[in-house]
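Everything on this sheet refers to the single structure shown next.
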Amino acid sequence: MAVLLLAPMEGLLDDVLRATLTRVGGYDYAVTEFARVSGTLLPERFFRRIAPELDGGSRTVAGTPVRVQLLGSDPVCMGDNAARLARLAPAGVDLNFGCPAPTVNRHRGGAVLLDEPELLCRIAEAVARALPAGVPLTAKMRLGVADPGRARECAQALVDGGAGALVVHARTKLQGYRPPAHWEWVARVADAVRVPVVANGEVWTAADWARCRAVSGVPDVMLGRGAVADPFLAARIGDGRLGVPDEAERAREWRVILSLLAEFRERVRRKVEARHAPGRIKQWLHLLARCYPQAARLFADIRGLRTLPEVSAVMQRHGVPAETDTPGGLMRATTPAQRQPLAAAA
């Protein structure tokens with residue numbers, strides 16, 4: 001059976017949005033944003049801040065397993081931090097060799113290391129040794145720094161080091177997030193290794209998912225921005241509904257998204273300083289506007305607002321509930337009934 005994963009996205013897809021998107025359902029597991037390892041042993045509270053799910057069995061409130069991602073270039077330090085993280089019983093550990101951010105790359109983190117396959121192997125070996133049996137180790141990589149010429153070599157190095165599966169973002173570091181994604185290179189990587197390979201990049205629709213699988217030749221896909229723009233994408237793929245949703249279906253989905261927006265607002269309010277909350281709400285609405293005209297209208301009406309009370313008042317006029325069902329409802333989702341996916345409601 002095909003696996004569908006929820007991607008990490010620094011500054012966007014954190015525990016707040018993970019909780020909301022996995023509430024809809026359709027994901028086999030999610031991966032956190034990276035924990036930056038740079039010469040120090042991180043305290044447990046740091047891992048809990050990035051992955052508060054660790055205190056709930058390493059699962060979102062809806063029950064989706066969450067793997068914690070590490071980023072760094074020092075094999076010894078990465079291994080030491082993996083050992084500390086392992087004490088918190090994560091659902092898995094992932095290694096980040098995909099981040100193209102210049103700030104990260106200048107400090108020898110992320111995709112820039114794809115010019116050093118030998119180092120990739122040593123990092124994977126150190127982390128694999130540090131993890132107890134039963135904790136999966138995976139790695140996410142791009143096709144290379146400037147070109148994909150060493151993509152297969154990098155993949156083989158990570159597998160030789162102990163990675164049990166690879167996610168391949170089908171672009172180089174220099175290509176960033178510019179379309180297209182080169183899914184045909186995922187097929188070449190998959191042919192070079194003996195572990196499962198997951199395709200990632202430019203999957204915005206169920207039809208994209210089908211094309212990605214056909215071109216890449218791998219059954220498993222990780223969703224990123226497409227999942228944020230269309231919260232029902234994973235559930236739709238899981239149900240085999242690959243056509244473009246019609247206006248009526250989008251309207252039904254929007255009614256559920258109104259509740260999700262209320263839940264998201266409450267989670268954001270609890271996590272960040274009040275002055276940052278409106279920005280987080282606008283950020284998600286801006287992506288939702290790709291699929292939902294209602295989101296575009298709401299975004300336009302709150303775009304110039306600066307305070308959460310102002311934003312909340314406008315959201316309410318657009319149909320977003322004034323308050324979620326918290327603390328006894330979606331925010332905690334402690335009972336099996338509360339953990340049921342919301343996709344069916346749409």
**Prompt:** Yes or no on side chain to side chain contact (heavy atoms under 4.5 Å, CB included) for Asn200 and Trp183, after CA distance, side-chain angles and deciding distance?
**Reply:** CA-CA 8 Å; Asn200 175 232; Trp183 297 326; over 6 Å; no
**Prompt:** Can Arg270 be said to sit on top of Phe264's aromatic six-ring, NZ or CZ under 6.0 Å from centre and within 45° of the ring axis?
**Reply:**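 No, cation not above the ring by the 6.0 Å, 45° rule.
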**Arg290 NZ/CZ over Trp204 ring centroid, <6.0 Å and within 45° of normal** =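 Relative to the ring axis of Trp204, which defines the angle, Arg290 lies inside both limits.
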Main-chain N/O of [Y] paired to [X] side chain as donor or acceptor, under 3.5 Å:
X      : Y      : result
Arg150 : Asp115 : yes
Ser216 : Val218 : yes
Asn105 : Gly109 : yes
Trp254 : Gln294 : no
Arg67  : Leu137 : no
Thr64  : Thr60  : no
Gln316 : Ala313 : no
Gln283 : Gly11  : yes
Asp28  : Leu4   : yes
Arg171 : Arg178 : yes

**Request:** For Leu242 and Trp209, run side chain to side chain contact (heavy atoms under 4.5 Å, CB included): C-alpha distance rounded to whole Å, both residues' side-chain angles, the deciding distance at 0.1 Å, then the answer.
**Result:** CA-CA 9 Å; Leu242 305 186; Trp209 170 82; 3.8 Å; yes
**Request:** Decide yes or no for Arg306 and Arg275: does some side-chain heavy atom of the first lie under 4.5 Å from some side-chain heavy atom of the second?
**Result:**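 They are not in side-chain contact.
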Going from [atom1] on [X] to [atom2] on [Y], what distance comes out if it is rounded to the nearest 0.5 angstrom?
X      : Y      : atom1 : atom2 : result
Glu263 : Leu258 : CD    : CG    : 13.0 Å
Arg297 : Asp301 : CZ    : CG    : 9.5 Å
Met222 : Tyr27  : CE    : OH    : 10.5 Å
Leu223 : Ile237 : CG    : CD1   : 5.0 Å
Leu70  : Asp94  : CG    : CG    : 8.5 Å
Gln156 : Leu166 : CD    : CG    : 10.5 Å

If two hydrophobic side chains count as joined below 4.5 Å and joins carry through other members, does [X] share a cluster with [Y]?
X      : Y      : value
Phe34  : Phe46  : no
Leu261 : Val314 : yes
Val167 : Met78  : no

**Message:** Could you walk me through whether Val268 and Arg280 satisfy the side chain to side chain contact (heavy atoms under 4.5 Å, CB included) test, starting with their C-alpha distance in whole Å, then the side-chain angles of each, then the deciding distance to 0.1 Å, before giving a yes or no?
**Reply:** CA-CA 7 Å; Val268 166; Arg280 289 296 310 273; 4.0 Å; yes
Of all the heavy-atom pairs spanning [X] and [Y], show the shortest one and how long it is.
X      : Y      : value
Pro117 : Ala157 : O-CB, 3.2 Å
Pro136 : Leu131 : O-CD1, 4.4 Å
Gly164 : Val195 : O-CB, 3.3 Å
Gly25  : Ala234 : O-CB, 3.9 Å

**Asked** Could you go step by step and tell me if Arg255 and Arg252 meet the side chain to side chain contact (heavy atoms under 4.5 Å, CB included) rule?
**Response** CA-CA 5 Å; Arg255 288 195 291 272; Arg252 289 193 298 272; 3.0 Å; yes
Answer yes or no: is there an ion pair linking [X] with [Y], defined by an N-O contact shorter than 4.0 Å?
X      : Y      : result
Asp55  : Arg48  : yes
Glu44  : Arg49  : no
Arg108 : Glu116 : yes
Arg267 : Asp15  : no
Arg211 : Asp208 : yes
Arg122 : Glu125 : no
Glu253 : Arg236 : yes
Arg250 : Asp230 : yes

**Asked** When the ring centroid of Tyr177 is compared with that of His169, is the distance short of 6.0 Å?
**Response**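 That pair passes the under 6.0 Å test.
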**Request:** Any chance you could lay out the salt bridge (charged side-chain N to carboxylate O under 4.0 Å, His left out) test for Glu33 and Arg18, step after step, and finish with the verdict?
**Result:** CA-CA 11 Å; Glu33 323 94 288; Arg18 277 197 301 275; 3.0 Å; yes
**Asked** Is the count of non-hydrogen atoms from other residues, nucleotides or ligands lying under 6.0 Å from Arg303 atom CZ greater than 12?
**Response**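 Not more than 12 within 6.0 Å, no.
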**Message:** Under the side chain to side chain contact (heavy atoms under 4.5 Å, CB included) test against Leu85, which residue among Val37, Leu42, Leu54 passes?
**Reply:**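 Of the listed options, the one satisfying the test is Leu54.
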**Sole residue of Leu17, Leu21, Thr20, Val256 in side chain to side chain contact (heavy atoms under 4.5 Å, CB included) with Pro231** =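 Single pass found, and it is Leu21.
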